[in-house]
Amino acid sequence: MSLPADPVDLTGRVQPVNDRPVNYDGKYVLYWMTTARRTRFNHALDRAASWARSLDIPLVVVEALGLNHRWASARFHQFIIEGMENNAAAFAEAGIQYIPFLEKSPGDSKGFVEAASQEAALIVTDEWPCFITPKIVAGLGKKSAVHVEAVDGAGLLPVRAVPKVFSRAFHFRNWHKKNIDPHLMALSSAKPLEGLQGKNVFDEKILDQWVPLSVEQLTNPSSLISSLPIDQEVAPVSVHPGGSSEANRRLTHFIHHVIDRYGEDRNQPDKVATSVLSPYIHFGHISTQEIWEQACRADAGENGEAFIDQLLTWRELGLNFCHYHEDVDTWESLPEWSRKTLEEHAEDTRPVSYTLEEMEAAETHDEIWNAAQRQLRGEGLIHNYLRMLWGKKILEWSSHPREAVETMVHLNNRWALDGRDPNSYSGIMWCVGRYDRAWGPERPIFGKIRYMSSDNTARKLRLKPYLEQWGVDPSLSM
Ligand SMILES: Cc1cc2nc3c(=O)[nH]c(=O)nc-3n(C[C@H](O)[C@H](O)[C@H](O)COP(=O)(O)OP(=O)(O)OC[C@H]3O[C@@H](n4cnc5c(N)ncnc54)[C@H](O)[C@@H]3O)c2cc1C
């Protein structure tokens, strides 16, 4: 009997992770979902679904959430589990077996991949060039008894399609304008689950040992999350609930009511004039493809173009850097000119300096900065423009620029819902020169790095409502 034909990859996004064979007698195709935590517009899910159709066997999806990573906190766990609730509903409707798995104590998940792969034909997983994902993918490849494929669904362009690291946005913009079209012809599907076999085929004995979250736990995860050994001080954020439903609601609102004033108002903190989608993009609850398609259809002229430029040029620039560099947050990863000028000014007297603890607690003399830091702690985000000022002030107040980078990484990644992302490192490192050029006049501490001040910001922005909301420590106003 001849073997079924393997599905063809027309996207250029599929990478083998190990050299074990596909088990053509396998009972199911296993999609191990890690970063594209959604049920539509998902290249890895498309790939797993193609395998399931071509082998004529069911698809099983495991979405796992571990404990053992830096900055794991109640905030991020809550956000991810809220997304799992949406995914559980969508897979249930399509009849696909979905296993939302939460590690409850370190090491709980040990052996799960090995066991789950025994009866699988192959495993398909997400590729993402940042944080812990490359290690997770490599681990899957080692542990699995069968073939593992990783699928890059992080951006509109596959990261491997960009042939080199771009150090300036306008160079990258010029490059992608000429090269993106073929990739826009190979987009992911809006309805990947149609026509799949729906059947519970996963070994019950495995589920007895690695028990999936129940519907009740997905709907009401607070008590479970509060019992986990993760950072509980970084508390869940109710104004930004996780999940694809919320992401799509925000996208619709942005396209119908906000995009038309994006270019003009996006820097003003008195009205929300951006999409506020970065946490949803980061956790994979929405695809940038879907955002891009809707933004193009909105036909919002220069405002639409300004938005698409952030989504495409700036976001994919970060993916490009992470693909080519493991050391995204190190001093050595900065351009030579910026290291040189900052080192020349490293010993300059700091008129004011603060410790990490003082900054983390928003205890500086600067009312605007404290407000931004309180928004970060309270809401898990900082308004876009103020985020730049926030980083520049950390450079000014730290005893050494290397320490400033460490402080920014710690504060951003610990508190921000969209942290630990390629964009995190682009934004933080931009504050100390990445993607930028030398500016004059040369100043103390900053050298030739672009300077920003709170006084100028106060003149430029309409800050009153923002300061009314965040200018006071919420624990003091009770
Ligand atoms: C110090 C510092 C730290 C930052 N840390 C992060 C972070 O941890 N995670 C993060 O996603 N962004 C980060 N940024 C970039 C930017 O501030 C956020 O992407 C943006 O504010 C998110 O808001 P939004 O979703 O409403 O964006 P919109 O203006 O609605 O833009 C849509 C999307 O485009 C992308 N985008 C927008 N602006 C930028 C930018 N400057 N660089 C790269 N991509 C962009 C994001 O994916 C964003 O969600 C940081 C910037 C700075 C200066």
Side-chain angles (χ1 to χ4, degrees), residues 71 75-76 130-131 154-156 166 169 172-173 240 246-247 250-251 253-255 257-259 261-269 271-292 294-295 298 300 303-322 328-329 359 369 372-373 375-376 379-395 404-436 449-450 452 457:
W71 299 301
R75 177 168 296 178
F76 311 144
C130 192
F131 196 43
L156 281 158
F166 282 89
F172 178 55
R173 191 177 292 116
H240 303 299
E246 176 64 17
R250 284 174 187 227
L251 176 59
H253 174 80
F254 177 72
I255 295 297
H257 304 290
V258 183
I259 196 170
R261 55 187 170 86
Y262 181 81
E264 200 180 313
D265 281 345
R266 64 184 287 255
N267 287 336
Q268 292 296 346
K271 350 176 167 164
V272 179
T274 66
S275 67
V276 202
L277 281 169
S278 54
Y280 302 86
I281 298 173
H282 170 70
F283 284 110
H285 291 164
I286 194 162
S287 149
T288 50
Q289 176 195 321
E290 185 173 12
I291 303 171
W292 171 80
Q294 294 215 22
N303 287 302
E305 280 167 30
F307 176 72
I308 289 170
D309 192 53
Q310 295 299 328
L311 188 73
L312 182 48
T313 308
W314 281 98
R315 183 164 181 280
E316 307 253 340
L317 203 52
L319 292 168
N320 168 248
F321 196 91
C322 289
V328 282
D329 60 349
M359 290 195 244
W369 193 91
Q373 174 62 18
Q375 188 193 10
L376 177 63
E379 259 188 21
L381 290 177
I382 302 182
H383 178 271
N384 184 40
Y385 186 91
L386 296 176
R387 213 166 186 175
M388 296 188 269
L389 178 73
W390 174 87
K392 294 283 183 185
K393 290 279 132 189
I394 294 177
L395 171 61
V405 170
E406 283 165 21
T407 300
M408 281 189 264
V409 169
H410 168 81
L411 294 181
N412 190 79
N413 285 356
R414 181 171 184 222
W415 295 96
L417 274 168
D418 61 7
R420 307 149 313 279
D421 189 270
N423 281 353
S424 317
Y425 301 104
S426 300
I428 289 166
M429 298 312 246
W430 173 84
C431 294
V432 283
R434 184 181 295 162
Y435 301 130
D436 211 355
I449 299 288
R450 187 197 295 244
M452 284 176 77
T457 304

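We count ligands from 1, going down the list as the structure has it; atoms in each ligand are counted the same way. Just so we're clear, the structure is a prediction, and the values are computed from it rather than from any experiment.
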Next item on the list: Please confirm whether Gly419 comes under 4.0 Å of ligand 1, counting heavy atoms of the residue only.
Entry: yes

Notebook entry, point to check: For ligand 1, which atoms, with element, lie under 4.0 Å from some heavy atom of Ile281?
Noted result: 47 (O), 49 (O)

Checklist line | Side-chain donor or acceptor of Arg315 paired with backbone N/O of Gly155 under 3.5 Å | finding: no

Margin query: Is Arg387 close enough to touch ligand 1? Criterion: a residue heavy atom under 4.0 Å from a ligand atom.
Written below: yes

Note to self: If we set the cut-off at 4.0 Å for heavy atoms, which region of Asn412 has an atom near ligand 1: side chain, backbone, both, or neither?
What the structure shows: side chain

Notebook entry, point to check: Would you say Gln310 and ligand 1 have an N/O pair spaced under 3.5 Å apart?
Noted result: yes

Note to self: Are any of the N/O atoms on Trp430, whether in the backbone or the side chain, positioned under 3.5 angstrom from an N/O atom of ligand 1?
What the structure shows: no

Checklist line | Closest protein heavy atom (residue, atom, distance) for atom 33 (C) of ligand 1 | finding: Leu311 CD1, 3.9 Å

Note to self: Once you measure the plane-to-plane angle for Phe76 and Phe283, does it fall in the parallel (<30°), tilted (30-60°) or perpendicular (>60°) bin?
What the structure shows: tilted

Check: Would one find an N or O of Phe307, backbone or side chain, under 3.5 Å from an N or O of ligand 1?
Finding: no

Checklist line | Sub-4.0 Å heavy-atom approach of Ser275 to ligand 1 | finding: yes

Note to self: Would Trp314 count as a polar contact of ligand 1, with the cut-off being nitrogen or oxygen pairs under 3.5 Å?
What the structure shows: no

Check: Are any of the protein's heavy atoms under 4.0 angstrom from atom 22 (C) of ligand 1, yes or no?
Finding: yes

Notebook entry, point to check: Between Trp369 (side chain) and Trp390 (backbone), is there a donor-acceptor pair under 3.5 Å?
Noted result: yes

Next item on the list: Could you tell me the residue and atom name of the protein heavy atom closest to atom 51 (C) of ligand 1, and the distance to it rounded to 0.1 Å?
Entry: Gly427 CA, 3.6 Å

Notebook entry, point to check: Between Arg75 and Leu417, is there a donor-acceptor pair closer than 3.5 Å when you use the side chain of the first and the backbone of the second?
Noted result: no

Checklist line | Heteroatom distance test (Asp421, ligand 1): nitrogen or oxygen, under 3.5 angstrom | finding: no

Notebook entry, point to check: Does any N/O atom on Met388 come nearer than 3.5 Å to any N/O atom on ligand 1?
Noted result: no

Next item on the list: Below 4.0 angstrom from a heavy atom of Leu277, which ligand 1 atoms are there? Numbered from 1 as shown, please.
Entry: 25 (O)

Margin query: His410: which residues meet the ring-ring contact (aromatic ring centres under 6.0 Å, His included) condition with it, sequence neighbours left out?
Written below: none

Margin query: Whether the Tyr425 and Asn413 side chains hold a donor-acceptor pair (N or O, under 3.5 Å, no angle test) is what I'd like checked.
Written below: yes

Next item on the list: For the pair Phe321 and Tyr435, name the ring-plane relationship: parallel under 30°, tilted 30 to 60°, perpendicular over 60°.
Entry: perpendicular

Item checked: Any N or O of Asp418 closer than 3.5 Å to N or O of ligand 1 -> yes

Item checked: Rounded distance [0.5 Å steps], CZ in Arg266 versus OH in Tyr385 -> 11.0 Å

Note to self: Is the ring pair Phe254/Tyr262 parallel, tilted or perpendicular, if the boundaries are 30 and 60 degrees?
What the structure shows: perpendicular

Note to self: Please list the nearest protein heavy atom to atom 47 (O) of ligand 1 with its residue and the distance rounded to 0.1 Å.
What the structure shows: Asn423 ND2, 3.3 Å

Note to self: Checking contacts here: is it the side chain or the backbone of Phe254 that comes within 4.0 Å of ligand 1, counting heavy atoms only? Could be both or neither.
What the structure shows: neither

Next item on the list: Could you pull out all residues at least two apart from Asp329 that satisfy salt bridge (charged side-chain N to carboxylate O under 4.0 Å, His left out)?
Entry: none

Margin query: Donor-acceptor pair, distance only, cut-off 3.5 Å: does the side chain of Asn320 make one with the backbone of Phe166?
Written below: yes

Next item on the list: Could you tell me whether some N/O pair between Asn384 and ligand 1 is separated by less than 3.5 angstrom?
Entry: yes

Next item on the list: In sequence, state the C-alpha distance, the side-chain angles, and the governing distance for Tyr280 and His240, and then conclude on side chain to side chain contact (heavy atoms under 4.5 Å, CB included).
Entry: CA-CA 9 Å; Tyr280 302 86; His240 303 299; 4.0 Å; yes

